[in-house]
2 protein chains.
Amino acid sequence: MTLNTLVDHANCEDCPIRHRAVCARCDADELTVLEEIKYYRSFEAGQTIIWSGDQMNFVGSVVSGIATLTQTMEDGRTQMVGLLLPSDFVGRPGRESAAYDVVATTDLVMCCFRKKPFEDLMNRTPHIAQRLLQMTLDELDAAREWMLVLGRKTAREKIASLLSIIARRDASASAKGLSGPIVFDLPLTREAMADYLGLTLETVSRQISALKKDKVILLEGKRHVTVPDIGRLMEEAGDDADGGCLV
Amino acid sequence: MTLNTLVDHANCEDCPIRHRAVCARCDADELTVLEEIKYYRSFEAGQTIIWSGDQMNFVGSVVSGIATLTQTMEDGRTQMVGLLLPSDFVGRPGRESAAYDVVATTDLVMCCFRKKPFEDLMNRTPHIAQRLLQMTLDELDAAREWMLVLGRKTAREKIASLLSIIARRDASASAKGLSGPIVFDLPLTREAMADYLGLTLETVSRQISALKKDKVILLEGKRHVTVPDIGRLMEEAGDDADGGCLV
DNA sequence: AGGAAACCTTGACCGAGATCAAGTGGACGC
DNA sequence: GCGTCCACTTGATCTCGGTCAAGGTTTCCT
């Protein structure tokens with residue numbers, strides 16, 4: 001139920017390569033092949049990794065940093081359609097060209113595989129295809145959940161939804177769980193948040209100020225956020241506070 | 001680039017079962033197995049096929065009629081997240097329960113497969129998994145395109161986007177192509193359109209009237225639509241009129 | 001240190017679309 | 001024929017969020 005579900009790392013601790021997104025069920029032979037066709041690429045904050053419509057000759061996953069998927073209309077209106085966090089997969093097996101712009105919002109490292117050999121491997125290896133199907137279904141769920149946010153939520157609920165998603169991801173990553181306050185740094189500018197939420201950056205700024213005034217969040221500087229009560233934040237987001245998240 | 005991309009039927013003309021969504025590359029053995037585990041179900045217009053959260057013990061595809069996928073918030077706000085047309089696939093291999101309400105908006109027939117045997121077959125048959133991956137990627141593209149509609153388009157553009165999608169689907173289904181006027185019946189009520197577009201039904205009604213007044217569409221009664229110029233409609237939708245569609 | 005460029009905040013005003021309300025028109029049952 | 005229901009249309013008004021504008025902070029460069 002997160003925006004881009006992180007891959008479960010549990011059964012990959014001893015994985016000889018880091019491409020956990022794909023090798024959830026490690027198998028020595030496959031990994032050897034993957035190892036042979038893989039390479040790393042680094043990008044600077046702000047750099048465009050892929051332009052919409054470009055030929056894509058690789059697939060891969062994010063090792064560190066954050067990237068965004070965005071669509072743009074001819075008149076310049078833009079909508080972010082996905083957020084890529086470490087371990088998220090990029091690329092469309094079986095597709096020629098990219099459908100969206102992929103932009104690094106922070107310095108970023110990607111682990112890439114040349115597309116053709118990867119597809120060959122996928123065709124020979126059923127559980128890689130199945131793994132990718134599961135990941136794609138997760139992304140589809142996330143996209144559809146976001147459609148509800150974009151279509152029906154108020155500006156305040158939109159902001160709360162985004163903060164809640166980031167807070168919960170960070171909380172589960174740091175293994176401290178959801179009891180007690182959650183502290184994190186916003187990985188996005190106000191403008192990027194606006195592009196994600198279908199708002200203007202002014203509205204984002206105003207609503208964040210409002211949530212701060214109402215003590216739903218605490219702000220130190222512009223980016224450092226403390227969420228004293230995640231339940232309260234999820235209420236503000238219009239979410240069911242017990243949607244399988246508090247176990 | 002449609003809302004829910006229809007499956008290409010070209011290489012399935014002689015398919016012994018009608019479940020074309022899955023058997024794009026027909027293979028006698030698999031089809032025999034599929035034949036054994038399949039059954040049909042009929043639904044009346046307005047009937048809910050699956051409730052969000054229900055156990056789903058089948059997967060399947062739409063044979064005839066139209067269904068919608070919707071999400072609902074506790075306070076009753078609803079957002080449609082997908083439209084299921086004939087040959088569209090329903091179900092999540094590897095998932096326990098449904099994530100959305102599935103509702104028949106017209107009388108509907110589905111071709112179903114019991115989930116467990118279907119999954120077993122999928123695990124044994126790489127190209128079924130690959131086929132499903134392709135279909136899921138298509139749905140993901142459609143969902144993300146819809147995020148742009150929901151997040152950034154005006155009411156008029158939203159209506160034009162929806163009409164354009166339905167018009168283009170009907171045009172390619174009837175094999176008359178996109179030259180000349182396109183005629184079709186709206187398969188959705190104003191309220192359903194509103195739920196899809198993140199609008200109210202009053203706004204939908206007003207914008208349809210406006211498009212009619214401006215001769216972008218012609219209306220006979222409430223549902224019968226003629227699109228004299230699909231290029232004009234796509235312009236109104238804010239789409240690139242040559243996005244690979246006029247070929 | 002000074003200056004410029006990002007990034008963010010806040011205020012004033014405006015308009016697209018929501019809301020509330022009344023009315024139309026066709027289908028159906030009695 | 002007549003009433004009822006449902007889907008839809010149209011009008012009047014309100015409001016949330018967009019737009020335009022000004023100013024504040026931080027960072028980084030010279």
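Just so it is clear, the model here is predicted, and its values are computed rather than measured. A, B, ... follow the sequence lines: proteins, then strands. Residue 1 opens every chain.
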Mind checking whether F58(A) and Y39(A) have parallel, tilted or perpendicular rings, split at 30° and 60°?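 It falls in the perpendicular class, over 60°.
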With T154(B) as partner, the option from K158(B), R152(B), E157(B) fulfilling side chain to side chain contact (heavy atoms under 4.5 Å, CB included) is E157(B)
Out of the candidates D195(B), T203(B), V204(B), T200(B), only one should pair with R190(B) under the side chain to side chain contact (heavy atoms under 4.5 Å, CB included) rule; please name it.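 Exactly one option meets the side chain to side chain contact (heavy atoms under 4.5 Å, CB included) with R190(B), and it is V204(B).
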Counting heavy atoms not belonging to E191(A), are there more than 12 under 6.0 Å from its CD? no
Testing the basics here: between T105(B) and A45(B), what is the closest heavy-atom pair and its distance to 0.1 Å?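 Residues T105(B) and A45(B), closest heavy atoms: O-CB, 3.9 Å.
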Are Y196(A) and L162(A) packed together at the side-chain level, in the sense that at least one heavy-atom pair is separated by less than 4.5 angstrom? yes
Heavy-atom distance under 4.5 Å between the side chains of M73(B) and K153(A), does that happen here?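 With C-beta onward as the side chain, the pair touches.
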Do M110(A) and L108(A) pass the side chain to side chain contact (heavy atoms under 4.5 Å, CB included) test, and can you show the C-alpha distance, the side-chain angles, and the key distance before you say yes or no? CA-CA 7 Å; M110(A) 287 199 47; L108(A) 183 99; 3.7 Å; yes
At a cut-off of 3.5 Å, list every protein nitrogen or oxygen paired with a nitrogen or oxygen from nucleotides 3-5 of chain D, distance to 0.1 Å.
none

Residue pair S52(B), D101(B): steps toward the side-chain hydrogen bond (donor to acceptor under 3.5 Å, both in side chains) verdict: CA-CA 5 Å; S52(B) 172; D101(B) 296 333; 4.7 Å; no
With a strict under 4.0 Å distance from non-hydrogen atoms of chain B, what nucleotide opens and what nucleotide closes the contacted stretch of DNA chain C, reading 5' to 3'?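 Under 4.0 Å from chain B, the extent on DNA chain C is dG17(C) to dC20(C).
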Assess the residue pair L137(B) and R95(A) against the criterion (side chain to side chain contact (heavy atoms under 4.5 Å, CB included)); give the C-alpha distance rounded to whole Å, side-chain angles, the decisive distance to 0.1 Å, and a yes or no. CA-CA 9 Å; L137(B) 285 169; R95(A) 301 303 177 85; 3.3 Å; yes
Summarise how protein sits on nucleotides 7-18 of chain D as a single string, 5' to 3': B when a protein heavy atom is under 4.0 Å from the base, S for sugar-phosphate-only contact, - for no contact. -SBBBB----SS
